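Reading through the structure tokens given below for one structure.
On a predicted model such as this, the values are computed, not experimentally measured, just so you know. Each residue takes its place number in the sequence, starting with 1.
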Amino acid sequence: MKVRSLKLREAHKSCATGNGSFCSILWDQQAHHLVTASSSETTISVHDPLLTSNPPKILRHHRDGVTALALSPNSTCLASGSIDHSVKLYKFPGGEFQSNITRFTLPIRVLAFNKSGSLLAAAGDDEGIKLINTIDGSIARVLKGHKDPSLSGRALHTLKGIAPDIGSDVSVMNVLSWSPEGATLAVPGMKNDVVIYDRDTAEKLFSLRGDHVQPICFLSWSPNGKYMATSSLDRQILIWDVDKKQDIDRQKIDDRICCMAWKTIGNALAVIDVMGRYGVWESVVPSSMKSPTEDIPNSRSKNSNRLLLFDEEQEPSISGSLSDRGEDSHGESEPPTRKRSRKHSIVDEDLDDDVNDELNLFPKTESRKKANSTHKEYPDKGFGLKSKRTSSGTKMQQAFQPGATPVQPGKRHFLCYNMLGTITSIEHDGNSHIEIDFHDTGRGPRVPSMTDYFGFTMASINENGSVFANPCKGEKNMSTLMYRPFSSWANNSEWSMRFEGEEVKVVSLGTAWVAAITNLNILRIFTEGGLQRHILSLDGPVVTASGFQDQLAVVTHVSDCLPSNDQMLEFRVFNIAKGTQPLTGRLPLSPGSYLTWFGFSEQGQLSSYDSKGVLRVFTSLYGGSWLPLFSGSKEKKSDENYWIVGLNASKLFCIVCKSPDLFPQVMPKPVLTLLDLSFPLASSDLGAETLENEFILNNINLSQIQKRIEETASAGLDISSLDDEAFNTEAAQDRCILRLIAACCNGDKLIRATELVKLLSLEKSVQGAIKLVTKLKLPNLAERFNSILEERLLSETKDVLNTSFLNSKGDVSTRGNVAASNALTSTEKSEISEPVIPSSLVKLSAPLFKKKTKSSDGIKLGKESKDGNQTADLDNMKELKNIEEVMNAEVVKNTGEMEIRSQNPSNPFSKTLNNQEKVNKIGEMNQGKPQRQSNPFLKSSIK
């Protein structure tokens, strides 16, 4: 076998002693970035593997060398551990610092996220493994077991004397590695080999022995577990076919490789040596063999290349006690109130998971029956989900309050759980005790607890107050609605309403209004002070409702269920302040499903979530459409349910519940899980689904921003902040398109790349695309991109000239009423036919034009008059049309009669002026009247 040599480039400075230091390297989920760190430097470097000549992004927050790196499974959170005894969390790929966890006494050595990314395990030279909540940075728990510093937990098997002793050399680690499916453990052997052990029995299965002549210091499984990369102190990297137990390729390196990472998409391996130099080994596995990313198993741990196999089965018991358990409880035994018994070993849980994975291949009729029988024990009051589950499948869904959970005797339950805070209640001595808590204590006031004498089962909360309601009860069969403001200038600002023979089903809050919908299909709207403002009849029984500022959204039944068990639902949006109904229509649901959550995003977009796990968001596209932005069936495990809390522009906030539970318990306090919004895209032949998803999301965000700009401008308000937001979104969209173009070029999809370049908004981005394909040695594509740019600029120039003539016509015809017979001089014609074009527009199209005459006014286009006495009657429409035709023909024939004068250096992120702005500038030149510059984003950038 021929030994090849891999070229490495410097990422970090080597240790001053020259002995080398331990360095880390990893890919993000979509292989868009490489992250490196060194124990001899305090910085973290984020590299672009496509443009290696670009300098990396540097993160500087540690005070000492960085010894460990980890990325959350969705690549949105980067964790780093250091010799300075701290773990730090960053947003990724932006690199914004999030939180600092400093409760460590010795250096950190290993980090690993759980599958959902909600918990981070950290271990090092001190005792135990610390589990960190990534949402708030708190330490959830410490697992202790050994007296000596080590990675510890429950001991299942003890293997002694199986790995070589690396002594005091801190530049390498004796790294173990779980296979992607978690069934086997790979350990560096005593004979310069790799020994594979069975997870359940700890028996040796086989070994990989090849041409390593010194001990192995690092090993890494391929994503599909069919291959393994090993590095040794002999400065070699070997690639193994695990099934055949033989090495298939190798690389010779100048120094010891201390860390390796397989590319998550493609066929490549990233390596870094002890001197801080890294490189990417392309085509690691021969093309005749199966790709290392083909047939990836359903991994239970995304960090299978490191020491920890972070068991997902332990997550509920750990995350459930984050706020109730501080560091003082580290090392304590597990509390007796834990819902899940821990009498079984982790091996038993793993085996159960394997069995469940196999059972998931069959229809889940039995599991559904089990869930139905479980939920029958809860009363059907204020929670429509349970009634639907226990029904025969043809009954209409009962009304439910978003964010409420069923009443459970002797247990605290949620009356409301939203993005702002929670309202909880527990029955005690015949009455209920209600508490209101805000997620961000600095955002809302401290609200004292209250005693509930009415038995409230539903509530809603916003920044100004809270509203409560109960079902009919008592001799008079009365339902009560009560509103409590958080602050008021007047005493006794709390108020309540009683409904005899009418039961409140759903309540909602907004800006200065309170709404209640009853079983008589009546919508009652009250002011914040308790004035009964409106009473409306609805078309059908209410299902749920939600409020946001001036908007109230209500979901009702249209008719009985279809024979296919599909719910027939309709939504309406009321503007309470204006007394209008701007939106109405059918509410789409997945076939055979029912509605489980309904509300507004933080940006005010109407959203719904059904029992099949599909999240939909309403947009103005195509005259108003619901877009599927998330599918829980693709994300969650078979034994998990997502209980939705809310969403923002890019994340879904939910609580993960273990089956058969469909809702969380109040105690221990549940932990929010953040999930990325993603369209149900088809599997792309580029393997760039993440980029394509980002591309569509950016388009939606742009359309929403432009709609807000139009509404704000029509109201006469300032739109400068929205302009900035739109520009930033367009710049982010252009960066996404450029990455898609790079992926198309690498995948030989040149037509698709050409389609993408036409969607770029900024001319600088088109130039960047030209440079990109030039570097990729695709001259034909670069020429085509340049032609597209020239056509765009020429078209914009024509539009400017045509519009300038129309403006000039209006101005000249007014003057022509006084002297219609007066002809224009050549100077006047020059003023009309030589509009000023912004220099930034022409700069990118320099090959189109020739420098001919100089002018201090900027750039001029037009045909010079050969006869200074030539005149034209602009009052004559025919002659004006002829001049326009001559002008346009002249631009096409010889657009080079201009002069480029650039006074400022160009900004790579500057937006070129659109046609309307160019018209404004021309009007100012011709008419001498100041005009307000129009909004550059009124014209949609979505082609």
Side-chain angles (χ1 to χ4, degrees), residues 91 94 96 548-551 582 600-605 617-621 648-650 694-738 758-769 789 792-793 795-797 799-800 803-804 807 835-844 858 902-925 929-943:
K91 290 183 180 179
E96 295 87 357
F548 178 80
Q549 296 178 357
D550 292 335
Q551 299 182 85
F600 290 88
S601 69
E602 288 188 340
Q603 290 72 34
Q605 286 186 279
V617 173
F618 185 84
T619 72
S620 58
L621 295 177
N648 59 20
S650 60
E694 180 185 351
F695 169 74
I696 301 177
L697 282 176
N698 285 339
N699 277 341
I700 294 174
N701 291 337
L702 268 175
S703 65
Q704 293 297 322
I705 294 171
Q706 289 164 358
K707 180 181 177 183
R708 286 157 52 197
I709 287 176
E710 293 173 359
E711 294 173 349
T712 306
S714 63
L717 302 177
D718 181 42
I719 59 173
S720 57
S721 61
L722 290 175
D723 280 346
D724 294 340
E725 184 180 356
F727 173 70
N728 293 334
T729 305
E730 282 193 341
Q733 178 72 319
D734 278 8
R735 289 192 291 271
C736 175
I737 292 176
L738 286 173
K758 295 178 181 178
L759 301 178
L760 290 169
S761 300
L762 310 179
E763 292 174 2
K764 276 290 184 181
S765 301
V766 183
Q767 276 193 334
L789 175 61
R792 178 187 294 186
L793 294 178
S795 175
E796 291 179 352
T797 304
D799 291 341
V800 172
T803 311
S804 68
N807 289 347
V836 176
I837 306 302
S839 59
S840 61
L841 173 67
V842 184
K843 181 177 180 182
L844 296 181
S902 179
Q903 299 178 350
N904 298 316
S906 62
N907 181 355
F909 297 104
S910 63
K911 273 190 68 177
T912 59
L913 299 177
N914 63 10
N915 296 336
Q916 186 61 40
E917 292 175 311
K918 298 166 187 173
V919 171
N920 290 341
K921 281 191 170 291
I922 294 168
E924 293 173 10
M925 292 294 296
K929 297 179 182 180
Q931 297 183 9
R932 180 179 179 271
Q933 193 176 47
S934 65
N935 175 18
F937 297 98
L938 288 178
K939 181 179 177 181
S940 175
S941 62
I942 304 174
K943 309 296 181 185

(request) Check step by step if side chain to side chain contact (heavy atoms under 4.5 Å, CB included) holds for S765 and I737. (result) CA-CA 9 Å; S765 301; I737 292 176; over 6 Å; no

(request) Please report the shortest heavy-atom distance between I709 and A726, naming the atom on each side. (result) CD1-CB, 4.2 Å

(message) Rounded to the nearest 0.5 Å, what separates atom CD1 in I705 from atom CG in L722?
(response) 7.5 Å

(request) List the atom of Q733, the atom of N699, and the distance in Å for their closest heavy-atom pair. (result) NE2-OD1, 2.8 Å

(request) May I ask you to decide if I719's main-chain N or O and R708's side chain share a donor-acceptor pair within less than 3.5 Å? (result) no

(request) Compare every heavy atom of G604 with every heavy atom of F548, then report the nearest pair and how far apart it is. (result) CE2-CA, 3.4 Å

(request) Could you tell me whether the side chain of E763 reaches within less than 4.5 Å of the side chain of L793, counting heavy atoms only? (result) yes

(request) Measure from the side-chain N and O atoms of D734 to the backbone N and O of L762, and report whether any donor-acceptor pair falls under 3.5 Å. (result) yes

(request) Please report the C-alpha distance between N698 and L702 in whole Å, then the side-chain angles of each, then the deciding distance to 0.1 Å, and finally whether the side chain to side chain contact (heavy atoms under 4.5 Å, CB included) criterion is met. (result) CA-CA 6 Å; N698 285 339; L702 268 175; 5.6 Å; no

(message) Just to verify, which of Q551, Q549, Q605 counts as forming a side chain to side chain contact (heavy atoms under 4.5 Å, CB included) with F600?
(response) Q551

(request) Output, in order, the C-alpha distance, side-chain angles, deciding distance and verdict of side chain to side chain contact (heavy atoms under 4.5 Å, CB included) for L621 and S703. (result) CA-CA 8 Å; L621 295 177; S703 65; 4.0 Å; yes

(message) Would the distance check show the side chain of S795 and the main-chain N or O of R792 forming a donor-acceptor pair, the cut-off being under 3.5 Å?
(response) no

(request) Start with the C-alpha distance between S620 and Q704, add both sets of side-chain angles, then the distance that settles side chain to side chain contact (heavy atoms under 4.5 Å, CB included), and finish with yes or no. (result) CA-CA 8 Å; S620 58; Q704 293 297 322; 4.2 Å; yes

(message) Nearest 0.5 angstrom please: T729 OG1 to D724 CG, how far?
(response) 10.5 Å

(request) Kindly compute the distance separating CD (E730) from CG (L760), expressed to the nearest 0.5 Å. (result) 10.5 Å

(request) For residues A732 and E694, report the shortest heavy-atom separation together with the two atoms involved. (result) O-OE2, 4.4 Å

(message) How long is the straight-line distance from OG1 of T712 back to CG of D723, given to the nearest 0.5 Å?
(response) 10.0 Å

